[in-house]
Engineer: 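Supplied in C-alpha cells, the structure appears directly below.
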Amino acid sequence: DGLVRARSEVFGVLRRFFRWTMAVEGGDDGKEETWEDLFGDGSVLKQLVRAAPAEETSDTPKRGDRVTVHYKGTLSESGTQFDASRDRGKPFEFNVGSGVIAGWSEAVPTMRRGEIAKFRIAAAKAYGEKGQPPTIPANASLDFEIELLKFTDREDITGDGSVMKKVLKEGNRWQRPNKHCDVKIDARICPDGQWVSGWWPSSKRFHDMTFGSGGGSGGGGSGGDDGTASVSVTLPSKLRVAIETMKADETADVQLHGVTDTSYEVFVHSWVENEECVPSKPGAVVKRTEEKAPSSEDDWKKPNDTDVVTVKGEIRRASAPPTDPPLYTFGDTGATWRLDEHEGFAVVAGVDKDDKDGKDDDGPSASSSSSEQQQEKQVPTKKIPLCDGLEAGLKKMKVGEKALIHIRDDFGYQDHQVARLPADCDMPPVTKVPLEALVELVKVEEGKPYWEMTGDEKLAACEEKKAMGNAHFARGDYERAIRRYAKAIDTGNSMYDVPEELQPKIKASTKASKLNRAACHLKHGDYAAAKADCTDILNDEPSNLKALFRRAKALSALDDWPLAKADLRLILERDPNNVDAKRALNDVAAKEKQHKSKLKGLYAGRRLFSKKDDRPRDAALPEAEPLQFPTGEPPLDDAVEPTTTVNPPEAPDDDDDDDGAK
C-alpha cells in the first residue's frame with residue numbers, strides 16, 4: 001500500500017509538471033500557448049484571449065477603482081469549474097485592492113475595458129493552504145477567465161449611478177457623519193467655481209441648501225477674501241448623501257447625474273451629532289453636542305431620575321436675535337436641580353465680584369484700600385424654573401459635555417407649570433414658545449445604590465421615596481408618583497444584610513408604597529398593573545382591606561365582575577359597615593346586569609340552533625354544580641342600598657394600617 005501511494009504521488013507531481021510545461025512552452029497539438037509572467041515569480045500568469053477594442057484608449061484600473069467584470073473560475077490541475085458570474089445572470093463588482101483575493105487585485109489592473117484574459121493564480125495569492133472547501137482544495141492554483149466590462153475611479157454612492165464620488169484627499173480617522181449630524185463643509189462647483197461654506201443641518205437632509213462665500217478653503221479657495229465678489233450657491237439635497245460617506249478633512253469630487261449633471265468639490269471640516277431626547281416624539285427635544293465630555297472611566301454615565309445635577313449656561317427664545325438677552329442665565333456656580341423632582345424650579349446660588357467704590361480704567365480710586373478694591377458679595381438664592389424639554393436634554397448628557405438643546409414649544413414653559421410655581425420663583429416671561437438652551441453639565445450627584453446601603457439607609461431611602469411619591473400623588477402627577485414608589489419598592493425588596501429588627505419596618509414601608517402605586521395605576525387607567533400590585537400584597541396578607549378594595553376596582557374595570565364581587569364581599573365580612581365597599585358592590589352588580597341585558601337584546605329573536613337538532617332527545621342534560629362564593633352567600637343581583645355615610649376622599653398611605661378599604 002505504501003508503494004502504491006508513493007507511486008501515485010510521483011505520477012501526480014510529474015503530471016502537474018508536464019501541464020505547467022505545456023502551458024508555458026506550447027500545447028501537445030503544436031499550437032504555441034503564450035503566457036506572461038506578470039511578476040517574474042510565477043504567482044500570476046496572464047494569457048490574452050481577446051484584446052480590447054481598437055478605439056478603447058482608456059487607462060487601466062487603479063487601486064481603489066470600482067470594477068465590473070464577468071468571470072469564470074476553474075481549478076488549474078483538473079479544469080473543473082467552480083464559479084461563473086454569467087451562471088448567476090449578473091456581473092461582479094468590486095473595488096481593486098479590497099474584497100477579493102490578492103491575485104485579482106494584481107491581475108485586473110493589467111487589463112483595458114473590453115479585454116478578455118485568462119489568469120493562472122498561484123495558491124499563495126488565491127486561497128492558500130486552507131482552500132475553500134468543498135469546491136477549492138488546499139494549495140490549489142486557480143485559472144480565471146475575466147472580461148473587463150467597465151471601471152471607474154468613483155464610488156457609486158446610491159447604487160444607481162446618480163451620485164458618484166472620487167476621493168481627492170483622504171480624511172482623518174474612520175468616523176463619518178450620520179443622518180443626525182450637522183456637518184460643516186466647504187463646497188464649489190467644478191471646475192473653477194467660488195468656494196462657499198456653512199453648516200448643513202440634519203433637519204435639512206432632504207432639502208437643497210444655500211451657502212454663501214466667506215472663509216471656505218476646502219481646496220485652496222478663499223471664499224471671497226481674495227477680493228472677488230461674495231456669492232451664494234444652492235447645493236442639491238443629493239449632495240448630502242455623499243457628504244455622509246466622507247471623513248473629517250476629506251476632499252472629494254462628487255458627480256450628480258439625473259438632476260443637475262454637475263460636479264462639486266466638497267471638503268468636510270467637522271460635524272456635531274444631534275440626538276432625539278424624547279424618541280416617542282421626534283423633533284420635540286433635540287440635543288446638539290457642542291463639546292464632548294472628556295474621557296474618563298465614568299464617561300458612560302448619564303443622569304437618572306432623582307439625581308442632583310449642576311448646570312451652567314443660559315436659556316433663550318429660539319427665534320430671538322443673538323443680541324437679545326437670554327431669558328435665564330445660570331450663575332457662575334451654576335443651577336442645581338433634582339431630576340424628575342419637579343417643583344418647577346432650580347436653585348441658583350452664586351458669589352458675584354463687585355466693586356466697593358468707583359473704579360476707572362486706570363485702577364482703583366485713591367480712597368480705596370487694597371482690601372476694598374474688590375469684595376465678594378453674596379447673591380440671594382434665586383429659584384429659576386426649568387421646563388420638561390431641558391430636563392429631557394440633561395438626561396442625555398455626560399459630565400463635562402456642552403450642548404445646545406432645541407426645545408419645541410410644547411416641551412417649553414407651560415401655563416399650568418407656571419401656575420404651580422412658588423411665590424419666590426422668577427416667573428418665566430414667556431410660555432408656549434420654542435426655546436434654545438446652551439448648557440454645560442458640570443456635576444451629577446448620584447443617589448447611593450440600594451445594594452450598597454446599610455439597613456438604616458434602606459429604611460430612610462424607602463421613606464424618602466414614598467414621601468416624594470405622596471407629594472406627586474397629591475398634585476395629581478401620577479406618572480411621577482409611580483416612578484417614586486417604584487424606587488421605594490425596589491429598595492425595600494432588597495433585604496440583603498438588613499438586621500432582623502429593621503426588616504418589618506422596611507416591609508411595611510414597601511407595602512404602603514405598593515398600595516399607593518396601585519392607587520396611581522387606577523387613576524392612570526392601568527388596571528392590570530393595579531391588579532398585579534394588589535395581588536402581590538394579598539399573597540402575603542390576604543386580609544388587607546385596602547388591597548382587596550383596590551383590586552376589586554381594577555377587576556371591575558377589567559370586566560371581571562365575579563372576582564370583583566368576591567373581593568368586595570370579603571371586605572364586608574370583615575367590615576360590614578364599610579360604605580365604599582357597599583357602593584362598589586352595587587356598581588359592579590349594576591354593570592353586570594347591564595351587560596346581561598345587552599347580550600339578551602343582541603340575541604333576541606334569533607335561533608341559536610337549527611331545527612334538526614343533532615342532540616338525542618332522550619339525553620338528559622347534566623346538572624349544573626352550585627356556584628361557590630367566598631362568603632357562602634348567593635350573588636346579589638339587586639342593588640345594595642348604600643348608607644348615607646360618606647368616607648373622606650382617597651389619599652396616599654403614610655403607614656401600613658388597615659383603617660377602611662381606602
Engineer: Ion pair present between R408 and D410, side-chain N to carboxylate O less than 4.0 angstrom?
Structural biologist: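 Between D410 and R408 there is a salt bridge, with a charged N closer than 4.0 Å to a carboxylate O.
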Engineer: Within a 6.0 Å radius of atom NZ on K448, are there more than 12 heavy atoms belonging to other residues, nucleotides or ligands?
Structural biologist: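 Yes.
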Engineer: Mind checking the CE-OG spacing from M164 to S263? Nearest 0.5 Å is all I need.
Structural biologist: 11.0 Å
Engineer: Do the side chains of D533 and R517 get close enough for a salt bridge, i.e. N-O under 4.0 angstrom?
Structural biologist: yes
Engineer: Given V286, which partner from the list V278, I405, N274, L404 fulfils the side-chain contact (heavy atoms from CB on, under 4.5 Å) test?
Structural biologist: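 Between V286 and the candidates, side-chain contact (heavy atoms from CB on, under 4.5 Å) is satisfied uniquely by N274.
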Engineer: Should the pair D153-R66 be classified as a salt bridge under the 4.0 Å nitrogen-to-oxygen rule?
Structural biologist: no
Engineer: When you measure from the side chain of D65 to the backbone N and O of K62, does any donor-acceptor pair fall under 3.5 Å?
Structural biologist: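 Indeed, once roles are kept as given, a pair shorter than 3.5 Å links the two residues.
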Engineer: Classify the ring geometry of F92 against F94: parallel below 30°, tilted from 30° to 60°, perpendicular beyond 60°.
Structural biologist: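 Plane angle under 30°, so parallel.
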Engineer: Any salt bridge linking K166 with D253? Criterion: basic side-chain nitrogen under 4.0 Å from a carboxylate oxygen.
Structural biologist: no
Engineer: Can you tell whether the side chains of R480 and D340 come within less than 4.0 Å, N to carboxylate O?
Structural biologist: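 Yes.
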Engineer: So, is the end of the R288 side chain (NZ or CZ) under 6.0 Å from the ring centre of W271 and within 45° of the ring's axis?
Structural biologist: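 No, R288 does not lie over the aromatic ring of W271.
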Engineer: Say whether, by atom type as modelled, one donor and one acceptor occur between the side chain of Q414 and the main chain of G412 under 3.5 angstrom.
Structural biologist: yes
Engineer: With T289, which of K402, E275, E401 fulfils side-chain contact (heavy atoms from CB on, under 4.5 Å)?
Structural biologist: E401
Engineer: Say you draw a straight line from NZ of K287 to NZ of K396; how long is it, rounded to the nearest 0.5 Å?
Structural biologist: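 The NZ atom of K396 is 9.0 Å from NZ of K287, to the nearest 0.5 Å.
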Engineer: Quick test of your reading of the model: are K398 and E291 salt-bridged, counting only N-O distances below 4.0 Å?
Structural biologist: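 No, no charged N to carboxylate O under 4.0 Å.
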Engineer: Closer than 4.0 angstrom, basic N to acidic O: yes or no for D415 and K432?
Structural biologist: yes
Engineer: According to the interplanar angle, ranging from 0 to 90°, do the rings of F211 and W200 count as parallel (below 30°), tilted (30 to 60°) or perpendicular (above 60°)?
Structural biologist: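 Tilted, since the angle between the ring planes falls between 30° and 60°.
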Engineer: Counting only N and O atoms by type, is there a donor-acceptor contact under 3.5 Å from the side chain of E276 to the main-chain atoms of G283?
Structural biologist: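 Answer holds: yes.
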Engineer: With a 4.5 Å limit on heavy-atom distance, are the side chains of S494 and W451 in contact?
Structural biologist: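 Answer no - side chains too far apart.
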Engineer: Using the rule side-chain hydrogen bond (donor to acceptor under 3.5 Å, both in side chains), only one of R176, E250, K165 pairs with T245; which is it?
Structural biologist: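 That would be K165.
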Engineer: Treating Y485 as the side-chain partner and N470 as the backbone partner, does any N or O pair qualify as donor plus acceptor under 3.5 Å?
Structural biologist: yes
Engineer: So does K531 have more than 12 non-hydrogen atoms from other groups sitting under 6.0 Å from NZ?
Structural biologist: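 No, not enclosed.
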Engineer: Any non-hydrogen side-chain atom of D307 less than 4.5 Å from a side-chain atom of N304?
Structural biologist: yes
Engineer: With a 6.0 Å cut-off (strictly less than), is the heavy-atom count around NZ of K247, excluding the residue itself, greater than 12?
Structural biologist: yes
Engineer: Within the distance-only criterion (no hydrogens, no angle test), does the side chain of R188 pair as donor or acceptor with the backbone N or O of V233 below 3.5 angstrom?
Structural biologist: no
Engineer: Take atom CZ in R316; do more than 12 heavy atoms of anything else shown fall under 6.0 Å from it?
Structural biologist: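 More than 12 heavy atoms, drawn from other residues, nucleotides or ligands, come within 6.0 Å of this atom.
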Engineer: Got a donor-acceptor contact below 3.5 angstrom from the K458 side chain to the Y496 backbone?
Structural biologist: yes
Engineer: Has the side chain of K169 got a donor or acceptor atom that lies under 3.5 Å from a matching backbone atom of A252?
Structural biologist: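 Between the backbone of A252 and the side chain of K169 there is no qualifying donor-acceptor contact (under 3.5 Å).
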Engineer: For the atom pair NE2 (H521) and NZ (K514), what is the distance rounded to the nearest 0.5 Å?
Structural biologist: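 Interatomic distance, H521 NE2 to K514 NZ, rounded to 0.5 Å: 10.5 Å.
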Engineer: Spell out, as yes or no, whether a donor-acceptor pair under 3.5 Å connects the side chain of D156 to the backbone of G161.
Structural biologist: yes
